[in-house]
Structures are given as C-alpha cells and as structure tokens.
Q: 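Okay, handing you the structure first.
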Protein chains: 2
Amino acid sequence: MDKFERKLDQAARAAWLSYVGGHTQDEIASQLGVSRPGVQRLLALARQEGLVKVHIDHPIAGCMALSEAIGERYGLEFCDVVPADPQGAPDGSTRYLAVAAAERLSWYLDRSEPLTLSLGTGRAVRGMVEALSRIDRPQHRVVSLVGNVARDGSSNRYDGVMVLADKTGGERFLLPAPVVAGSVEESEALCGQRLYQSVAEVAREAEVAFIGVGRIDRQATLFQDHFISEAELDELLEREAVGELLGWPLSRDGEVIDCSITRRVTSLPLTIFRDRPLVAVGGGRDKGPALLAALRGGWLKGLVTDEHAARYIVETERGSGLDGAGPAAKV
Amino acid sequence: MDKFERKLDQAARAAWLSYVGGHTQDEIASQLGVSRPGVQRLLALARQEGLVKVHIDHPIAGCMALSEAIGERYGLEFCDVVPADPQGAPDGSTRYLAVAAAERLSWYLDRSEPLTLSLGTGRAVRGMVEALSRIDRPQHRVVSLVGNVARDGSSNRYDGVMVLADKTGGERFLLPAPVVAGSVEESEALCGQRLYQSVAEVAREAEVAFIGVGRIDRQATLFQDHFISEAELDELLEREAVGELLGWPLSRDGEVIDCSITRRVTSLPLTIFRDRPLVAVGGGRDKGPALLAALRGGWLKGLVTDEHAARYIVETERGSGLDGAGPAAKV
DNA sequence: CTCGTGGTCGATCATTTGTTCGTGCTTTGA
DNA sequence: TCAAAGCACGAACAAATGATCGACCACGAG
C-alpha cells in the first residue's frame, strides 16, 4: 500500500525533527504542513513501527532493562540491579550491591517518625549496613528476624542488627535462638520463652524487612556457618530445596518445603510479610536459583541484586516460557 | 571525581527510565528518590554528556540531517531532501523529487484567495507540475519568468506554465521571448514590447516562484536546447560560470556574472525575489555546483533537492571550512 | 567568628505534549 | 444515487515537561 508508505515517510521525518532535530511539535507541524495533533499521530506511528531507536550509552543500560523486566514480572515495588564489575573478579559487584542496598535502606531510615525495621542475616545484609553512612535516628528500632546463635553457641558474625543499631543509635532486638533447633521440642521451648516472644512481637511490628537469600548446596551459608549439619543439608537437597529465606527452605516454585527441618526453624514465619515490604538483597549467579525461587513464591516486594543474578533470572524465566515478552521500549 | 560518576550513573538510570522505559518524570523521581526537578537535571546531564543516542531507522533520516544543515546554513524557509533511490539508476530520485516539489507547490495552490505564481523552466519544474494532482483554482494566475522560445523559434517543451494552468484552470502568462536575445538591441526591443511588459508586470506581482537550476557545462540545458550557442557556452565557461537561474549565469559565489550574455538575457531579474520566496527544484550530484552557487548567492528561500546534490553541498561547504559544525542532536 | 560566595535544591509558572471527542469527509455496498 | 460505516481531522482540554527564581547549606576568606 503506497499510501501507508507515504505516511511512514512523514512519520520518519517528524520523528527525526522531534528526536534528533529537537524541534517542537508546533514547528514540525508548520514545516510538514499538518496540524499539531497530526504530528502527534505521526510520532506515535513512528514509535509503534519501531522507527525510533533509543540507546543509552552507559553500563547501567542493561541493568535497567533487567530491573524493569523482573520488577514487572513479579510485581515488585522496586528492583535495583547493579552492574557487574567490568574488570576483575566475577564477584566484584559485592561492593556495588552493598551500596545500592544501603541507599534503599537509608530511604526508610531517613524519615523522622519512629520506625521498626527488621533484618535477616547473611553477608549481603551485613555488607549493606556496613555501607550505610552513620545517621542519627535513636527513635528507630532494629530487630532480627532470625536467630544469631549457632548450634555450638557462638554468635553469627554476619548479623547486621548490632551494626545498624550502632549507626542509628536506636534500640536493638536480637532473637535469642539458633536458626534451627535441635529438635521439635527444643524449638517449641525456645519459641515459647518470654524473651523470644517479646522480640518476636517487635519483629511483627516491623514495617519493612531487609533479608538475605541463601543457596542450598555444599556452599550454603546455613551449612558453612554450622546452623545445620551435613545430614540436614543432605535432607534439604533430597527434597529439592534450591534456596532459603530466614532459614525456611524453598522449592523451585518458592513454596516453603515441609520437612523435618522446617518444623525446627525458629525464625519468624515469612507469612507475616505478606502485606508489608520484604526486601531481598543478594547477588552473584550462584544466588540466581535461590532468588528466583523467592520471587516465584511471591514473597518479595523489593529486590537489590546484581547483573549476574538478574540475567540468570530473566533467562531462566524466558526459557521456561512463562513470559516471552519483555517490556517494549515505548520511545 | 567519584561524586560525578555517581551522578552520571543516576543520570543514565533516569535517561533509561524516561526514554526507553517510557516512565514519566514523576515516576522516575519517586523511584530514584529525588525531586522532579532533580530528574530534570539528571536528564539534561545525560543528554549533555551524550549518553542518549537516538537513531531513526528509515532512509529519510540521512536526508533530514542534510536538510537541516542546508536550511540552517543558508537561511531557507524550508529545504526538502528526498532520498536517493536505493536500487537502480543514480538518477532514480527524479520521481521523488517531482512529488516532493509538487507537494510544496500544492501547499501554495491550496489556498482559495487568488494567487499569482511564477515558474521557471527545466525538467525539474516540468516534472513537478506533472506530478501535481488536478486542483480546481481558476482564481490563480500562472506566469513564466523566462522566455520559452528557442532561437530557432520552437517552443521549449519543458515549459510548465501551460501544464500547471491546465491543472488549475487558471489564467496563464507566457513570456514572449527567447531566453537569450541575439543582441543587446534585440533584447531591449523585446523587453520594450507592450506584450512583454504586461506579462512581466504580472510576474512582478507573483507571490512565489518555483524555478529550476541549470548547470553550465557541455550538458547544460541552456545549450542542449539551443537557447545559447556553443560559442556562448564557451564564454560562460571562460568566465567560470557554474550554474544559472532563469538564464542568469552565476559564479561559484552566486554572483550574477556580468558578461555579454547577461546583457541579452530577457528573463526577469533575480532581484525581484529578494523579498519573496524563490524556490529552487533540482537534484542529482551534477546539479550540486549550480545549486551551491544559487545558495551562496542567497537567492533562494526554499529548496527541493535530492540526497546526491544535498550531500555534495554539505561536503563541499564543510571542506571549504565555512561552517564546521552541523546542528547538534538535542534529543 | 562572621561574612560573603558558590552551588545545590525545590516551589512555581509558562510551554509543550498527549488525549479525547465531535465533525465532516471518503468509501463501500445496496 | 443514496445510506451507512469507517476514517481522518482539528478544537479543546488534561498531563507532563522545561525554566526560572528564591532559599538554603557548605565552604573558605577575612
């Protein structure tokens, strides 16, 4: 159809004048001899037909695409993807990750009304609070969602509650328990303690949580830091756990797996965050499966990750055919 | 400076969200945690730093760049550049040129108040009026600016006045003269005729003129169609004429060359268009020098040409160092 | 310690852009 | 030839954008 091609020519002209030439639509209208709304329609056509290609010349560009795709797909309120460090170690983005997460964290901390904020454990959470600059907020309370006592009685060195509370000058509430109790009875006893209950009560009042995401494999933090034994790790692998949130093991689809360990986890249940923002922090391609599980389970409202993990997530989701189309560039 | 880099990161993020993601600045502001004017500044920075690259995926794109450069450089009211026909003959854009010129022409013809419009001669003008679709405007007058009688008494087959007047149904005024008289006396006699005078009077009332541009070389229309003899052509070449408008020979700089021929040209003087739009139509790389001369002389207010000639003009002007910088992409 | 001074930030306003709706035209089928 | 449908167009309005200005803050010199 010749008519259509003529229109496309005009559309291309209008698009050029608008996006490259920097003219206003009024100028373009008089130049092309059409009305201003006509120019509007031409520009819409040009975009719709994909005549207009915009490229952002910066490493961030790829991250933004991933961020948008993931945030859209899993209904997140935000999704930050930090770029993979171009030179050097594959894990070089750890620092970026911490800074990005700290920025999100300070968004909450900035406000002056009293805030109750809860934290999970792990290197990522610890890195986040360390990257945070000191801020005077004694009115805020910081509470842990997961025990920081290992089975041998030692304290978890990656617990961020102490560091954060030091930086804000606010109150701190530590959960006096191991992540996984030795038995169901012990678990019930621990959770029944008055001290545990009062900390848990504060945790339930938290308006937002920042947590890490754990892998379930030989390098699992849960195992490496002696929160679970090798036998217990084997059981989780047996049940096809791919990740954990606060010690709760997740299946590929993000369901909490009901097994012997689940019944002994002393952390707060994930369900208390169904209506409040739960923010996960974690990066590296190895964390990909765990993050994906957490996303699929719909547990998260926010995510701070890196390009490696984000790429894994998007590629895997694409591959499984759940969602073939990413968000289209609208301009 | 690390601070600047951080800002550039933010700017890239903002640019991506705005141009690729299609979000509003308000959305971006809340997402990035800055105020709306802040986003404004980030976007300005991103553009300024050249982070944003826009590409229009259409053959027209190159033409628009040329068009803008030429229109800007020579203060034209408009400059249409039609694309070179991708496949086939190097002169394949003739048809495009005719259609584009016809569009400009009909812009003037469309109006209902009486219009006096003048035409030059040549294949380009003839093509233009032929490409024009019939339009009922008996109130308009069409007048020729240049004689259509060759030295041997035959009429110029490329005269467009008759064709155009047929299409509009309006009055027509033909200049009863050769382009170049045999002698100064003959020229004065011709121009003194009452008939010539009355047609010239109409021509002087013309609000706009569409004219061709002639080369001055062995293939010159002026020569080929027997308006001038070989000896006269040699004289023009001797005087370094590179083109002609209405038969008036132009130097490289667009000055009308004062020579024996100039004193015998019977066409209307170019100066009558100093304050009214004179539109040149012509394409092909061969016409480049002639067009460039016409532009340099400042005779033109509008130009319809093709990519070949436009490219010649821009490249030559660049090379001569008169204007190194093209219009910057403002986004 | 106080006073500029440069620079950044956000409120406000003018301009530009996007959308909606009613009108009139062309096109198509009876 | 006429009627109905579809379509394109432009007026008017709503939203978003860009620009200006004053206020505030950190820094350095006197």
Q: Roughly how many Å is it from CZ in B:R36 to P in C:dT12, rounded to a whole number?
A: 13 Å
Q: Rounded to the Å, how far apart are A:I28 CD1 and C:dG18 P?
A: 10 Å
Q: So, the side chain of B:H140 versus the backbone of B:R111: is there a donor-acceptor pair under 3.5 Å, distance only?
A: yes
Q: Could you tell me if the side chain of A:D80 sits less than 4.5 Å from the side chain of A:T305, heavy atoms only?
A: no
Q: Is any side-chain heavy atom of A:I28 less than 4.5 Å from a side-chain heavy atom of A:R13?
A: no
Q: Rounding to a whole Å, what distance do you find between B:Q10:CD and C:dC9:P?
A: 11 Å
Q: Rounding to a whole Å, what distance do you find between A:D26:CG and C:dT15:C1'?
A: 10 Å
Q: Got a donor-acceptor contact below 3.5 angstrom from the B:R276 side chain to the B:A206 backbone?
A: yes
Q: Using side-chain heavy atoms (C-beta onward) and a distance below 4.5 Å, is A:V54 in contact with B:H55?
A: no
Q: Both conditions, 6.0 Å and 45 degrees, for the charged tip of B:R104 above the ring of B:F78: are they met here?
A: yes
Q: To the nearest Å, how far apart are B:L42 CG and C:dC9 C1'?
A: 12 Å
Q: When the distance from OH of A:Y19 to P of D:dT17 is rounded to whole Å, what number comes out?
A: 12 Å
Q: When you look at B:L295 and B:I313, which way does the side chain to side chain contact (heavy atoms under 4.5 Å, CB included) test go after all the steps?
A: CA-CA 9 Å; B:L295 286 166; B:I313 290 165; 3.8 Å; yes
Q: Under 4.0 Å, heavy atoms only, any strand: does B:Q40 hit a base, just the sugar-phosphate, or nothing?
A: base
Q: Ignoring backbone atoms, test whether B:R47 places a side-chain nitrogen or oxygen under 4.0 Å from the OP1 or OP2 oxygen of D:dG18.
A: yes
Q: Tell me the closest heavy-atom pair linking B:P138 and B:D136, and the distance in Å.
A: CD-C, 3.6 Å
Q: Report the distance from atom CD of B:Q25 to atom C1' of C:dT15, rounded to the nearest whole Å.
A: 14 Å
Q: Let me test you: for the helix from C:dC1-D:dG30 to C:dA30-D:dT1, what is the angle between the axes at its two ends (five pairs each), rounded to 10 degrees?
A: 20°
Q: Between A:R141 and A:E207, does any side-chain N to carboxylate O distance fall below 4.0 Å?
A: no
Q: Tell me, for nucleotides 6-11 of chain D in 5' to 3' order, what letter each nucleotide earns: B for a base near a protein heavy atom under 4.0 Å, S for only sugar-phosphate near one, - for neither?
A: ---BBB
